Amino acid sequence: MDLNKLTIKQAHQGLKKKEFSAVELTESVLNRIRKRNPEINAYLTITDELALSQARRVDKRITNKEEIGVLEGIPVAIKDIILVDGIRATAGSKILDNYIAPYDATAIKKLKKAGAVIVGKTNQDEFGMGASGENSAFGSTKNPHDLERVTGGSSSGSAAAVADNQAIYALGSDTGGSSRQPASFCGIVGLKPTYGRISRYGLIAFASSLDTIGILAKTSEDIEIVFNAIKGKDEKDATSVNTDDEIRNSKFEIRNLQIGVPKEYFIEGINPQVEKIVRKAIGQYEEMGAKIIEVSLPHAEYALACYYIIQPAEASTNLSRYDGIKYGLSEKGKDLLEGYLKTKQKGFGHEVRRRIMIGTYVLSSGYYDAYYLKAQKIRTLIKQDFDKVFEKVDVLMTPTAPTPAFKIGEKATDPVSMYLSDIYTASLNLAGLPGVSIPIGKIGKLPVGLQIIGQQFDDEKILKIAKLYENSIL
Ligand code: GLN
């Protein structure tokens, strides 16, 4: 049996029944990483010692006949933008090449408490800026379904690790689609939670009003298990919330479910086979008894432009901290300014520099009103569009991305066509809503994802709806 191919649920049952030990499970994942990482490039750091010591601890508890939790002894990969105490955290950037995290992110603290086994830190687009993985300072990650293609991004390594059985599940981040889009390109499940439901403490900041920690796994059931372990209010993140007692409608019946399909999402430019597969999956929900309703999100066409103003604006301020003094790379100059310039020039890649320049421009006096302020107003209109449709429907269903995985290099010199990859995902970050991408079919060998969008705090509900599809195809 290839233990590394198991889901969380299956691995947990195997551990409980003593069919294998946590060390055996961990070794099987580590062996797969050793074999495949030189080609796939999913991992930047492999933490085998940490993993094996965590696994041994779990085995001891099993030998002592203690009851083990569902995540205990299960190997997980962590995106390099999330801090794990004592382990290098580069966020995919040369500027943090030598940075060792001095503490655990809250999500990591919770995973450790739940007995997780951390096998390594995964590759990603630099600071989360990208939709292909090609903007990593440490080389592209290859899509396990077709090695000439991208994994999507920015959580490129996390998605490839799970899809290639180099981890049982992974944490990613999602600021504009970075967990959902690579999940869809790699044929796995990816969750972007409601803003605030998972603490951002210890997630290296990219665009703080949009940033979330995402979860990538083989099934929605596994995502639910991880979400339950890491969600919740955290004193260290003032924007985090506890909503367990507010969860609406997590009890529902499929025959009462109203699914909205936004007409603006099926636009020119969408790959016709993606559209066909997505409509077929929505049709399956209809067969299960749900009602499908066409809805309109009139400001959807502005979402991408709005995202590509607010996000670089926030990034330009967040990234000003990398000055060669407080963290990471430090280049000396004849004075302070020259030191700053040299450090940033050497440490930041092209895409990061582009976003810092765009962000600085849209915030500069004279342009602030025309760009940043206007984008904030449009952000409100986008949120209101969603509020309005959710008066009529329970959830929305859309493609996750307009195309399947593209070829490595295909869009690398055309940033605007790369940005178009985020067209269906970025609006959820602008509105703070939860979304999950589930695999629903393939074009040749390339997976296609369906995005299920919920109302604020309906994370549990969209996962239940995702599970219905999973169970219906078993
Ligand atoms: N593709 C988006 C971007 O480049 C996704 C970012 C993200 O979610 N981290 O901004």
Side-chain angles (χ1 to χ4, degrees), residues 79-83 89-96 99 101 105 124-131 135 137 153-154 173-178 195-196 199-213 236-240 303-331 336-380 382-383 415 419 422 426 429-432:
K79 187 176 183 177
D80 215 25
I81 201 164
I82 300 170
L83 304 189
T90 68
S93 182
K94 282 270 181 253
I95 213 157
L96 288 176
Y99 178 68
Q124 60 163 101
D125 287 296
E126 191 173 357
F127 288 106
M129 300 179 189
N135 295 337
S154 63
S173 67
D174 194 313
T175 301
S178 280
Y195 185 80
S199 167
R200 287 179 297 114
Y201 182 70
L203 169 67
I204 294 176
F206 165 14
S208 309
S209 78
L210 306 161
D211 287 344
T212 57
I213 284 185
K236 295 191 167 109
D237 173 2
T239 62
S240 66
L304 205 58
C306 175
Y307 171 77
Y308 273 97
I309 291 173
I310 292 173
Q311 163 264 113
E314 294 186 15
S316 72
T317 56
N318 269 328
L319 268 57
S320 68
R321 75 191 65 186
Y322 304 103
D323 54 8
I325 294 168
K326 298 195 231 28
Y327 310 89
L329 185 76
S330 181
E331 289 289 308
L336 191 60
L337 182 63
E338 198 184 278
Y340 285 165
L341 294 175
K342 278 188 163 171
T343 302
K344 289 178 193 241
Q345 241 162 35
K346 198 161 170 203
F348 286 143
H350 287 293
E351 185 60 27
V352 173
R353 288 189 225 174
R354 185 179 294 121
R355 299 212 190 178
I356 291 173
M357 285 190 278
I358 296 172
T360 307
Y361 179 78
V362 300
L363 289 172
S364 61
S365 103
Y367 295 101
Y368 179 94
D369 288 359
Y371 293 104
Y372 184 73
L373 189 63
K374 190 72 159 275
Q376 289 291 19
K377 289 180 180 166
I378 293 171
R379 183 178 190 171
T380 304
I382 289 168
K383 169 89 174 61
Y419 297 167
D422 311 330
N429 300 73
L430 290 168

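All values reported here derive from a predicted model rather than from experimental measurement. Each residue takes its place number in the sequence, starting with 1. Only this structure's heavy atoms are used, side chains among them; waters, hydrogens and symmetry mates stay out.
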On a heavy-atom basis, which atom in [X] and which in [Y] lie closest, and how many Å separate them?
X	Y	answer
Leu319	Ala205	CD1-O, 4.0 Å
Ala303	Leu430	O-CD1, 3.5 Å
Gly130	Asn135	CA-ND2, 3.6 Å
Ala207	Glu314	C-OE1, 3.0 Å
Val362	Ala313	CG2-CB, 3.9 Å
Lys79	Ser178	NZ-CB, 4.1 Å

Between atom [atom1] of [X] and atom [atom2] of [Y], what is the distance when rounded to the nearest 0.5 Å?
X	Y	atom1	atom2	value
Gln376	Ile309	CD	CD1	10.0 Å
Ser154	Ile81	OG	CD1	6.5 Å
Arg379	Cys306	CZ	SG	7.5 Å

Whether the side chain of [X] engages the backbone of [Y] through a donor-acceptor N/O pair (distance < 3.5 Å, no angle test) should be reported.
X	Y	value
Asp174	Gly177	yes
Asp125	Gly153	no
Asp323	Lys326	yes
Gln124	Ala91	yes

Do the side chains of [Y] and [X] get nearer than 4.5 Å, heavy atoms only?
X	Y	answer
Thr212	Leu203	no
Thr343	Phe348	no
Tyr371	Ile310	no

With sequence neighbours excluded, residues passing salt bridge (charged side-chain N to carboxylate O under 4.0 Å, His left out) with Lys342 = Glu338
Mind checking what makes salt bridge (charged side-chain N to carboxylate O under 4.0 Å, His left out) contact with Asp80, not counting sequence neighbours?
-> Lys121
Should Ser199 and Lys236 be marked as a side chain to side chain contact (heavy atoms under 4.5 Å, CB included) after you check the CA-CA gap, both sets of side-chain angles, and the distance that decides it?
-> CA-CA 8 Å; Ser199 167; Lys236 295 191 167 109; 5.5 Å; no
Pair listing, salt bridge (charged side-chain N to carboxylate O under 4.0 Å, His left out) test, anchored in residues 362-377, at least two apart | none
With Tyr322 via ring-ring contact (aromatic ring centres under 6.0 Å, His included) - residues at least two apart = Phe127, Tyr327
With sequence neighbours left out, write down each residue that passes ring-ring contact (aromatic ring centres under 6.0 Å, His included) with Tyr201, or none if nothing qualifies.
-> Tyr103
In this structure, which one of Tyr367, Tyr368, Tyr372 forms a ring-ring contact (aromatic ring centres under 6.0 Å, His included) with Tyr361?
-> Tyr367
Under the side chain to side chain contact (heavy atoms under 4.5 Å, CB included) rule, what do Thr90 and Tyr99 come out as? Steps first, then yes or no, please.
-> CA-CA 6 Å; Thr90 68; Tyr99 178 68; over 6 Å; no
Sequence neighbours excluded, every pair satisfying side-chain hydrogen bond (donor to acceptor under 3.5 Å, both in side chains) that has a member inside residues 344-358 = Gln311-Arg355, Glu331-Lys346, Glu351-Arg354, Glu351-Arg355, Glu351-Tyr419
Salt bridge between Asp211 and Arg200, side-chain N to carboxylate O under 4.0 Å?
-> no
Only one of Asn318, Thr239, Thr175, Thr317 passes side chain to side chain donor-acceptor pair (under 3.5 Å) with Ser208; say which it is.
-> Asn318
Trace of the side chain to side chain contact (heavy atoms under 4.5 Å, CB included) decision for Leu336 with Ile325 = CA-CA 10 Å; Leu336 191 60; Ile325 294 168; 3.7 Å; yes
Could you go through the side-chain hydrogen bond (donor to acceptor under 3.5 Å, both in side chains) check for Asn429 and Tyr195 one step at a time?
-> CA-CA 8 Å; Asn429 300 73; Tyr195 185 80; over 6 Å; no
After noting the C-alpha distance and the side-chain angles of Leu96 and Ile204, does the key distance pass the side chain to side chain contact (heavy atoms under 4.5 Å, CB included) rule?
-> CA-CA 11 Å; Leu96 288 176; Ile204 294 176; 4.0 Å; yes
